[in-house]
Amino acid sequence: MFAFNMFDQAIPQAFRNRFSTQYRCYSVSMFAGSDRSDVEKGGKIIMPPSALDQLSRLNITYPMLFKLINRKTDRMTHCGVLEFVAEEGICYLPHWMMQNLLLEEGGLVQVESVNLMVATYSKFQPQAPDFLDITNPKAVLENALRNFACLTTGDVIAINYNEKIYELRVMETKPDKAVSIIECDMNVDFDAPLGYKEPERHYQPEDSSDLEADPTAFVPIDLGFRPFTGAGNRLDGKKKGVDPNPALINPEDIKRGIPNYEFKIGKITFIRNSRPHPKQIEEDSGTSRFIAFSGEGQSLRKKGRKP
């Protein structure tokens with residue numbers, strides 16, 4: 001008599017092509033079989049084969065991207081899929097992804113298929129100052145992001161470099177809060193690491209007394225011992241005119257370490273030490289000065305005509 005057509009209404013296209021299932025999640029260390037440490041180095045999960053069968057029947061877009069939701073804590077993130085080899089009803093997540101979702105081993109997670117925009121910009125904040133020890137952090141991050149499928153603003157991702165784990169918080173992504181980074185041209189920027197402090201620079205005022213220093217302060221005070229000042233003896237008994245007790249040098253006569261106050265940038269000045277002229281030996285007025293090549297030559301043969 002009455003006809004009810006409650007379930008024959010048209011279902012929207014967006015809900016018919018969406019994958020939505022709940023799984024119990026475990027970390028990759030719980031995965032049976034071979035070592036799958038490669039999953040910890042990226043942002044992809046391992047799902048059961050039934051998920052692939054269900055996804056193949058839906059008209060979804062590739063690459064396959066998923067939104068993970070923890071209903072208890074209302075936390076969510078985004079990821080890709082690496083393989084469909086997990087046990088039925090179970091999915092395996094990287095440890096850092098379980099920490100973002102506040103999930104424990106065996107906790108329930110909602111997995112939904114999504115379509116994300118391609119990333120154009122992202123900004124990261126290292127969670128420790130030791131990230132600055134890396135020589136080329138952008139190249140290291142670019143190589144590590146090859147194992148990721150998407151980024152979500154607010155997530156703390158983990159990358160492995162030189163057998164060390166570095167954590168980075170995703171501070172900003174454009175053009176949306178969740179973006180796909182597969183085959184994209186993305187600009188990467190870094191924020192100051194968490195807990196990093198700029199080194200303090202102490203500027204000491206110049207003391208005017210240093211500029212007017214006494215030149216004698218640079219001269220050693222103890223001049224009692226002077227090397228090579230002793231007297232020598234000759235085998236032939238002659239004495240050389242060397243004073244065994246020379247006079248001490250007056251420190252005020254020595255100028256050492258005085259800066260050039262007239263120095264100008266871009267001008268080179270060659271300062272040569274002025275040496276005292278040698279003392280001229282006083283000669284007797286009766287003796288004449290020596291003139292080279294002024295003597296007369298002598299011949300053994302007398303000049304004259306032959307007889």
Side-chain angles (χ1 to χ4, degrees), residues 15 18-55 58 60 63-116 119 122 124-128 131 141 144-161 164-173 176-182 194:
F15 290 96
R18 191 180 68 175
F19 173 85
S20 180
T21 312
Q22 214 172 33
Y23 295 105
R24 292 202 175 271
C25 62
Y26 294 92
S27 60
V28 183
S29 59
M30 305 291 292
F31 184 74
S34 60
D35 182 22
R36 300 307 305 268
S37 59
D38 56 332
V39 183
E40 291 286 354
K41 300 179 181 179
K44 299 179 182 180
I45 64 175
I46 298 178
M47 300 175 66
S50 60
L52 177 61
D53 183 43
Q54 187 177 354
L55 287 167
L58 299 175
I60 62 172
M64 298 181 185
L65 302 177
F66 301 92
K67 179 168 66 173
L68 306 181
I69 306 173
N70 185 1
R71 299 294 184 184
K72 293 183 178 180
T73 59
D74 199 19
R75 299 289 293 269
M76 72 171 185
T77 187
H78 296 79
C79 67
V81 59
L82 185 63
E83 292 179 357
F84 295 92
V85 293
E87 296 87 350
E88 292 298 330
I90 297 176
C91 67
Y92 294 95
L93 279 66
H95 181 66
W96 65 265
M97 194 175 295
M98 295 186 65
Q99 288 182 332
N100 288 331
L101 295 173
L102 301 179
L103 284 170
E104 297 180 354
E105 299 291 342
L108 293 175
V109 61
Q110 185 74 22
V111 182
E112 299 178 359
S113 60
V114 292
N115 296 327
L116 300 178
S122 61
F124 299 88
Q125 182 189 31
Q127 299 299 290
F131 186 75
L141 181 61
L145 290 180
R146 295 177 181 177
N147 299 322
F148 288 75
C150 48
L151 294 174
T152 306
T153 302
D155 279 0
V156 178
I157 65 174
I159 62 175
N160 190 349
Y161 178 69
K164 189 174 182 180
I165 303 298
Y166 297 93
E167 293 184 343
L168 296 93
R169 180 178 295 276
V170 184
M171 302 297 295
E172 184 181 359
T173 55
D176 202 355
K177 291 186 177 181
V179 292
S180 171
I181 60 173
I182 298 176
L194 192 65

Grab the two heavy atoms, one from [X] and one from [Y], that are nearest each other, plus how far apart they are.
X	Y	result
Phe84	Pro48	CD2-O, 3.5 Å
Ala158	Ile165	CB-CG2, 3.9 Å
Ser50	Glu88	OG-OE1, 2.5 Å
Tyr23	Gly89	CD2-C, 3.6 Å
Ala149	Leu65	CB-CD2, 3.8 Å
Ala86	Pro49	O-CD, 3.3 Å

- Over 12 non-hydrogen atoms of neighbours within 6.0 angstrom of CD in Glu104: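 No, because the 6.0 Å sphere around CD of Glu104 holds 12 heavy atoms or fewer from other groups.
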
Could you check whether any side-chain heavy atom of [X] comes within less than 4.5 Å of a side-chain heavy atom of [Y], counting everything from C-beta outward?
X	Y	answer
Ile45	Pro94	yes
Leu168	Ile159	yes
Ser20	Gln110	yes

[X] side, atom [atom1]; [Y] side, atom [atom2] - distance, nearest 0.5 Å:
X	Y	atom1	atom2	answer
Leu93	Cys25	CG	SG	5.5 Å
Asp155	Gln99	CG	CD	11.5 Å
Leu145	Ile182	CG	CD1	12.0 Å
Leu108	Gln22	CG	CD	4.5 Å
Lys44	Cys150	NZ	SG	9.5 Å
Met47	Leu55	CE	CG	6.0 Å

- Task: Determine the sole option in Val81, Thr21, Thr77 for which the side chain to side chain contact (heavy atoms under 4.5 Å, CB included) test with Phe66 is passed.
- Result: Val81

Describe, in one word, how the ring planes of [X] and [Y] are oriented to each other, choosing from parallel (under 30°), tilted (30 to 60°) and perpendicular (over 60°).
X	Y	value
Tyr92	Tyr26	tilted
Tyr166	Tyr161	tilted
Phe148	Trp96	tilted

Between [X] (side chain only) and [Y] (backbone N and O only), is there a donor and an acceptor less than 3.5 Å apart?
X	Y	result
Arg18	Glu112	no
Glu40	His95	yes
Glu172	Val170	no
Arg169	Gly154	yes
Glu105	Ser27	yes

- Query: Please walk me through it: do Val179 and Ser122 pass side-chain contact (heavy atoms from CB on, under 4.5 Å)?
  - Reply: CA-CA 9 Å; Val179 292; Ser122 61; over 6 Å; no

- Query: Are Ile46 and Val85 close enough, and set up right, to give a side-chain contact (heavy atoms from CB on, under 4.5 Å), and what steps lead you there?
  - Reply: CA-CA 7 Å; Ile46 298 178; Val85 293; 3.7 Å; yes

- Are Asn100 and Val156 close enough, and set up right, to give a side-chain contact (heavy atoms from CB on, under 4.5 Å), and what steps lead you there? CA-CA 7 Å; Asn100 288 331; Val156 178; 3.8 Å; yes

- Message: Just to verify, what does Asp53 make a side chain to side chain donor-acceptor pair (under 3.5 Å) with, not counting sequence neighbours?
- Response: Arg57

